[in-house]
Amino acid sequence: MNPDRKTLVLPIMLIVVGTGWLLTTLGITPNIDWIWTLGIAAIGFLTFVVSGFDKFSVVAGTFFIVTSLLSVLRQSGMISFDVEVPILVIVVGILLLVVRHPSIPVPDWVKNAGQLE
(Lines give C-alpha, C1' and ligand atoms only; values in the text may rest on other atoms or scores of the structure.)
Protein backbone atom coordinates (compact mmCIF):
# COMPACT_ATOMS: atom_id res chain seq x y z
CA MET A 1 0.00 0.00 0.00
CA ASN A 2 1.24 3.47 -0.84
CA PRO A 3 2.47 5.32 2.30
CA ASP A 4 0.22 8.28 1.46
CA ARG A 5 -2.81 6.00 1.53
CA LYS A 6 -1.87 4.59 4.92
CA THR A 7 -2.03 8.05 6.46
CA LEU A 8 -5.60 8.49 5.19
CA VAL A 9 -7.10 5.61 7.17
CA LEU A 10 -7.20 7.14 10.67
CA PRO A 11 -8.44 10.61 9.67
CA ILE A 12 -11.20 9.16 7.49
CA MET A 13 -12.31 6.77 10.25
CA LEU A 14 -12.41 9.63 12.78
CA ILE A 15 -14.43 11.83 10.44
CA VAL A 16 -16.91 9.03 9.75
CA VAL A 17 -17.41 8.11 13.41
CA GLY A 18 -17.61 11.77 14.46
CA THR A 19 -20.21 12.52 11.80
CA GLY A 20 -22.43 9.67 12.94
CA TRP A 21 -22.02 10.65 16.56
CA LEU A 22 -22.93 14.27 15.77
CA LEU A 23 -26.03 13.26 13.81
CA THR A 24 -27.22 11.16 16.75
CA THR A 25 -26.42 13.85 19.34
CA LEU A 26 -28.30 16.51 17.37
CA GLY A 27 -31.32 14.22 17.15
CA ILE A 28 -31.28 14.26 13.35
CA THR A 29 -31.40 10.47 13.20
CA PRO A 30 -31.65 9.18 16.76
CA ASN A 31 -32.77 5.64 15.92
CA ILE A 32 -29.77 4.77 13.78
CA ASP A 33 -26.63 3.08 15.08
CA TRP A 34 -24.23 5.36 13.27
CA ILE A 35 -21.05 3.73 14.54
CA TRP A 36 -22.11 0.46 12.88
CA THR A 37 -23.56 2.04 9.75
CA LEU A 38 -20.79 4.53 9.08
CA GLY A 39 -18.19 1.94 10.03
CA ILE A 40 -19.48 -0.30 7.25
CA ALA A 41 -19.45 2.62 4.81
CA ALA A 42 -15.91 3.53 5.86
CA ILE A 43 -14.78 -0.04 5.18
CA GLY A 44 -16.27 0.28 1.70
CA PHE A 45 -14.57 3.59 0.95
CA LEU A 46 -11.28 2.48 2.49
CA THR A 47 -11.33 -0.59 0.26
CA PHE A 48 -11.04 1.76 -2.70
CA VAL A 49 -8.40 3.88 -0.96
CA VAL A 50 -6.23 0.90 -0.04
CA SER A 51 -6.78 -1.33 -3.07
CA GLY A 52 -7.40 1.26 -5.76
CA PHE A 53 -9.84 0.52 -8.56
CA ASP A 54 -9.79 -3.17 -9.41
CA LYS A 55 -12.09 -6.18 -9.55
CA PHE A 56 -11.80 -6.82 -5.80
CA SER A 57 -12.43 -3.24 -4.68
CA VAL A 58 -15.39 -2.81 -7.03
CA VAL A 59 -17.14 -5.83 -5.51
CA ALA A 60 -16.08 -5.48 -1.85
CA GLY A 61 -16.09 -1.68 -1.59
CA THR A 62 -19.39 -1.21 -3.37
CA PHE A 63 -20.98 -4.05 -1.39
CA PHE A 64 -20.06 -2.43 1.94
CA ILE A 65 -21.30 0.99 0.82
CA VAL A 66 -24.64 -0.45 -0.36
CA THR A 67 -24.88 -2.47 2.88
CA SER A 68 -24.44 0.75 4.85
CA LEU A 69 -27.17 2.53 2.88
CA LEU A 70 -29.58 -0.38 3.30
CA SER A 71 -28.76 -0.45 7.02
CA VAL A 72 -29.92 3.17 7.31
CA LEU A 73 -33.13 2.34 5.48
CA ARG A 74 -33.77 -0.69 7.72
CA GLN A 75 -33.04 1.20 10.94
CA SER A 76 -35.29 4.04 9.76
CA GLY A 77 -38.14 1.56 9.27
CA MET A 78 -38.28 2.08 5.50
CA ILE A 79 -37.40 -1.55 4.69
CA SER A 80 -37.35 -4.75 6.71
CA PHE A 81 -34.52 -7.22 7.20
CA ASP A 82 -36.46 -9.64 4.98
CA VAL A 83 -36.15 -7.11 2.14
CA GLU A 84 -32.59 -6.01 2.91
CA VAL A 85 -30.97 -9.45 2.57
CA PRO A 86 -32.40 -10.35 -0.87
CA ILE A 87 -31.39 -6.91 -2.15
CA LEU A 88 -27.83 -7.57 -0.96
CA VAL A 89 -27.80 -10.93 -2.74
CA ILE A 90 -28.97 -9.23 -5.95
CA VAL A 91 -26.33 -6.51 -5.55
CA VAL A 92 -23.55 -9.10 -5.21
CA GLY A 93 -24.76 -10.84 -8.36
CA ILE A 94 -24.82 -7.57 -10.29
CA LEU A 95 -21.36 -6.62 -9.03
CA LEU A 96 -19.95 -9.99 -10.03
CA LEU A 97 -21.33 -9.45 -13.53
CA VAL A 98 -19.95 -5.89 -13.69
CA VAL A 99 -16.39 -6.91 -12.77
CA ARG A 100 -16.29 -9.34 -15.69
CA HIS A 101 -15.81 -6.29 -17.90
CA PRO A 102 -12.24 -6.25 -19.25
CA SER A 103 -11.75 -2.54 -18.46
CA ILE A 104 -11.73 -3.29 -14.72
CA PRO A 105 -8.21 -4.47 -13.85
CA VAL A 106 -7.31 -7.62 -11.93
CA PRO A 107 -5.79 -6.80 -8.50
CA ASP A 108 -1.98 -6.84 -8.31
CA TRP A 109 -2.04 -9.41 -5.52
CA VAL A 110 -3.85 -11.84 -7.84
CA LYS A 111 -1.36 -11.24 -10.64
CA ASN A 112 1.57 -11.70 -8.22
CA ALA A 113 0.11 -14.95 -6.85
CA GLY A 114 0.41 -16.49 -10.30
CA GLN A 115 4.13 -15.60 -10.41
CA LEU A 116 4.88 -17.49 -7.17
CA GLU A 117 4.22 -20.88 -8.76
Side-chain angles (χ1 to χ4, degrees):
M1 175 174 22
N2 185 334
D4 291 337
R5 289 184 180 171
K6 286 182 181 178
T7 60
L8 288 174
V9 174
L10 181 61
I12 290 173
M13 291 298 289
L14 290 172
I15 292 168
V16 166
V17 170
T19 301
W21 190 354
L22 180 63
L23 290 171
T24 301
T25 301
L26 294 175
I28 295 172
T29 51
N31 296 328
I32 296 176
D33 182 357
W34 283 108
I35 300 231
W36 166 257
T37 303
L38 291 176
I40 294 171
I43 290 169
F45 286 113
L46 287 173
T47 301
F48 285 103
V49 170
V50 172
S51 183
F53 182 79
D54 58 31
K55 291 183 184 295
F56 171 76
S57 65
V58 168
V59 173
T62 306
F63 176 77
F64 280 114
I65 293 167
V66 170
T67 300
S68 175
L69 295 172
L70 290 174
S71 177
V72 170
L73 293 176
R74 180 179 37 79
Q75 292 180 58
S76 300
M78 300 176 100
I79 63 172
S80 67
F81 182 75
D82 294 342
V83 172
E84 180 181 14
V85 174
I87 291 173
L88 288 173
V89 171
I90 293 167
V91 166
V92 169
I94 292 169
L95 290 172
L96 290 174
L97 285 175
V98 167
V99 297
R100 292 175 48 95
H101 196 278
S103 67
I104 301 174
V106 174
D108 290 336
W109 54 271
V110 172
K111 291 177 191 174
N112 295 337
Q115 296 172 355
L116 295 175
E117 297 174 356

Margin query: With clusters defined by side-chain heavy atoms of hydrophobic residues (ILVMFWY) lying less than 4.5 Å apart, directly or transitively, does Ile40 cluster with Val66?
Written below: no

Note: Ile104 and Val99 closest approach over all heavy atoms is CD1-CA, 3.9 Å

Note: Val58 and Thr62 closest approach over all heavy atoms is O-OG1, 2.7 Å

Can you tell me if Ser68 uses its side chain to pair, donor with acceptor, with the backbone of Phe64 under 3.5 Å? no

Closest non-hydrogen contact found for Val106 with Asp54 is C-CB, 4.3 Å

Q.
Side chains of Asp33 and Gln75, heavy atoms from C-beta outward: is any pair under 4.5 Å?
A. yes

| Between the side chain of Ser71 and the main-chain N/O of Thr67, is any donor-acceptor distance below 3.5 Å? | no

What one should report as the nearest heavy-atom pair of Ile32 and Ser76 is CD1-OG, 3.5 Å

What one should report as the nearest heavy-atom pair of His101 and Lys55 is O-NZ, 3.2 Å

In this structure, CG of Leu38 is separated from CZ of Phe45 (nearest 0.5 Å) by 10.0 Å

In short, Phe53 meets Ser57 closest at the heavy-atom pair CA-OG, 3.6 Å

Taken to the nearest 0.5 Å, the spacing of Leu69 CG from Thr37 OG1 works out to 9.5 Å

